[in-house]
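These notes are about the structure you will find just below.
The model shown is predicted, which means the values in this text are computed figures rather than measured ones. Chain letters run A, B, ... following the sequence lines, proteins first, then strands; residues in each count from 1. Values below: all heavy atoms of this structure, side chains included; hydrogens, waters and symmetry mates excluded.
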Number of protein chains: 2
Amino acid sequence: MELRQLKSLIALVENGYNVSHAAARMNLVQSAVSQQISKLESELGVPLFVRHGKRLIGITEVGQEVLNYAYRTLANVENIREISRERLTQGEGMLRIGATHTQARYILPSVIKQFRAHYPDIELQVHQGTPEQLVEKAIHDDVDFSICTEALATHADLLTIPCYQWNRGVIAQADNPILQHETISLECLTDYPIVTYVYGFTGRSVFTETFTKQGLKAKVVLSAADTDIIKTYVREGLGVGIIASLAYVEEQDSDLVHRDLSALFPWETTRIAYQKDKYIRHHQQYFIDLFLKTVQQQGRWHGLLAASEA
Amino acid sequence: MELRQLKSLIALVENGYNVSHAAARMNLVQSAVSQQISKLESELGVPLFVRHGKRLIGITEVGQEVLNYAYRTLANVENIREISRERLTQGEGMLRIGATHTQARYILPSVIKQFRAHYPDIELQVHQGTPEQLVEKAIHDDVDFSICTEALATHADLLTIPCYQWNRGVIAQADNPILQHETISLECLTDYPIVTYVYGFTGRSVFTETFTKQGLKAKVVLSAADTDIIKTYVREGLGVGIIASLAYVEEQDSDLVHRDLSALFPWETTRIAYQKDKYIRHHQQYFIDLFLKTVQQQGRWHGLLAASEA
DNA sequence: TCAGCTTACGGCTCACGTAACAATA
DNA sequence: TATTGTTACGTGAGCCGTAAGCTGA
């Protein structure tokens, strides 16, 4: 068996079972790919593709299993290259972090500042996106890892490390009547117009679900993807904001009052996610360690750590 | 990069960095291996071996990392072969189970009986050994998986599945004075000559530790690797036996009296262990499922399952 | 001097490209 | 007929083997 054959297999599947396209993608002619596939099938003694006459129209069950291992095999080969590249370009290269706006704005700055001090020559890229996009980016190696709260459970190819937990708080203008309640309950919140995150971001689905479970419904008058926009509209008097508490910054937001709501909502866990079989370069590992250390020092962990790596 | 090169790398390390031996092992001449290693090193751009002049005397740090991925890569390739072999020889082949005497004698029979009914043409091999040997066998693929209680935590390359829990009981001849105690305590046990397992088997180390923690010391007059021998000497009147309760069989051992001691000792967890990256054939998976189902039906689980896969 | 690795060179295998053929839509 | 896959065949890259050259022990 040759790596060449596994590459052909993958290219073929990724190009809709079209040998010509796969060959073009590999900078080869059709016949070359055709031959490699034949060799692989004859060595294994099992057809890997479903054929209508000569035309390939699908993959067999065995083919699918082989394909999975072919991906892993080539990923390992890529890791070997990465290891040596690491050695050759130590302290150089780049670090591509996938993060939501909340992470990038409120959590990452202090970590990145420390990182830069240690690795001044590494180019840092912060890729923003929705949690779904970040998961995709991590899977397709468009980023080295993604930091997010949602949408991580779905993919089996990702390894996730729980980093910290957060919960919500309400922010309001100082004269807002909601602040006169001694303790703020869910029922009480439904009386006020709310500004919070859009679906898919920063725990919005859990937010909504919490009300639904109690048979309640929050009056969300505006939802936004990031906290700064929420604050802006709260300042405009559109309503009270419900945000991740970590996004309330005493110094900058002194015109707004923040009240903790962690008694009302479940704690959310933010995780770092990266490809399961990916080789982690030293500076990547350093960043992860730094991130964990930093959030730990900030006391951002609530409750017990559930052992949850797959 | 070529698989050939990774094979050379591995062969070289496994033959004490001796190119000639490695080549002989691969049925090649020295120069061939030498060339492949050169190619690999020049492609990666990093030396993988430590040299004294021309002689190889060790592996570099990078080399070690590359080696790890080389093993994984070739393991994946082997898995691909295994997948197709599976398809070609469905229902044939063999199942190689590593087990201690206790497993083989008291737990496996009913599982194996069911397995044979479903896969009559599969050759069954039960490889016995000490837990340490079984772990080694699993790692070196001398068995498909090993079933044991000890020595599993040590190796990172093994995946382990908790299967069932067991604890100890005392067995004694009906007229033995120990049976007159209403409840048997650790202190009480120290008064009697004890026959139990040797170190490394069936929880012996935990057994000893339990006494030590209480500042006690059991008077072990004879230790053996398997329960049948312990029973034999108990019948000879040498002392009272302390065995895994599951090894007391009402029908066969009616001449001996069994008293449960699970209040005194920690529960032990028996696990199935196999290579992390190994491809599991259908009949292997079937056996594992059958084993789990059977011990579960027998109610052999005590307490909560700790999520413990690595 | 021996054991052991590298380098040079030649034969041979085999992967790829060209091209003719086959089959499907 | 256009598109796509297979088969046949020639060429060239490269792998392995032989053998000569180095280099420590």
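With DNA chain C read from its 5' end, the first of the two nearest nucleotides for His52(A) and Gln5(A) is the one closest to Gln5(A).
Contact annotation: Lys39(B) side-chain N/O to dC15(D) OP1/OP2 distance is under 4.0 Å. Checking the phosphate oxygens (OP1, OP2) of dT3(D), no side-chain nitrogen or oxygen of Ser20(A) falls inside 4.0 Å. Not one side-chain nitrogen or oxygen of Arg51(A) sits closer than 4.0 Å to the OP1 or OP2 atom of dT24(C). The side chain of Asn27(A) contributes no N or O atom lying less than 4.0 Å from OP1 or OP2 of dC16(C).
Residue-level contact check: Ser31(B) touches the bases, meaning some heavy atom is under 4.0 Å from a base atom. The residue Phe49(A) sits apart from the nucleic acid: no heavy atom pair falls under 4.0 Å. Nucleic acid contact for Val29(A): base, since at least one base atom lies under 4.0 Å from a heavy atom of the residue. Contacts of Ser38(B) with the nucleic acid, taken as non-hydrogen atoms under 4.0 Å apart, are absent.
For the pair Gln35(A) CD and dT7(D) P, the computed distance is 10 Å after rounding to whole Å. For the pair Ile57(A) CD1 and dG5(D) C1', the interatomic distance rounds to 14 Å; values are reported in whole Å. Whole-Å rounding puts the Asn18(A) CG to dT3(D) P distance at 12 Å. If you measure from atom NZ of Lys54(B) to atom P of dG24(D), you get 9 Å, rounded to the nearest angstrom. In this structure, Asn15(B) atom CG and dC5(C) atom P are separated by 11 Å, rounded to whole Å. The distance from atom CD of Gln30(A) to atom P of dT18(C) is 11 Å, rounded to the nearest whole Å. Rounded to an integer number of Å, the gap from Met1(B) CE to dG14(D) C1' is 18 Å. If you take CD1 of Ile37(B) and C1' of dC15(D), they are 15 Å apart, rounded to a whole angstrom.
For the pair Thr60(B) (side chain) and Pro47(B) (backbone), a donor-acceptor distance under 3.5 Å is present.
For a distance-only test at 3.5 Å, the side chain of Arg55(B) qualifies as a donor-acceptor partner of the base of dA3(C).
Between Glu78(B) and Arg85(B) there is a salt bridge, with a side-chain nitrogen of the basic residue lying less than 4.0 Å from a carboxylate oxygen of the acidic one. Using a cut-off of 4.0 Å between Lys/Arg side-chain N and Asp/Glu carboxylate O, Asp157(A) and Lys276(A) are scored as not salt-bridged.
Note: Tyr286(A) and His118(A) have parallel aromatic rings, judged against thresholds of 30 and 60 degrees for the angle between ring planes.
Distance check, rounded to the nearest 0.5 Å: OH of Tyr71(A) to CD1 of Ile10(A) gives 5.5 Å.
When distances run from any side-chain atom of Ala32(A) to the nucleotides dC16(C), dT4(D), dA25(C), the shortest one goes to dC16(C).
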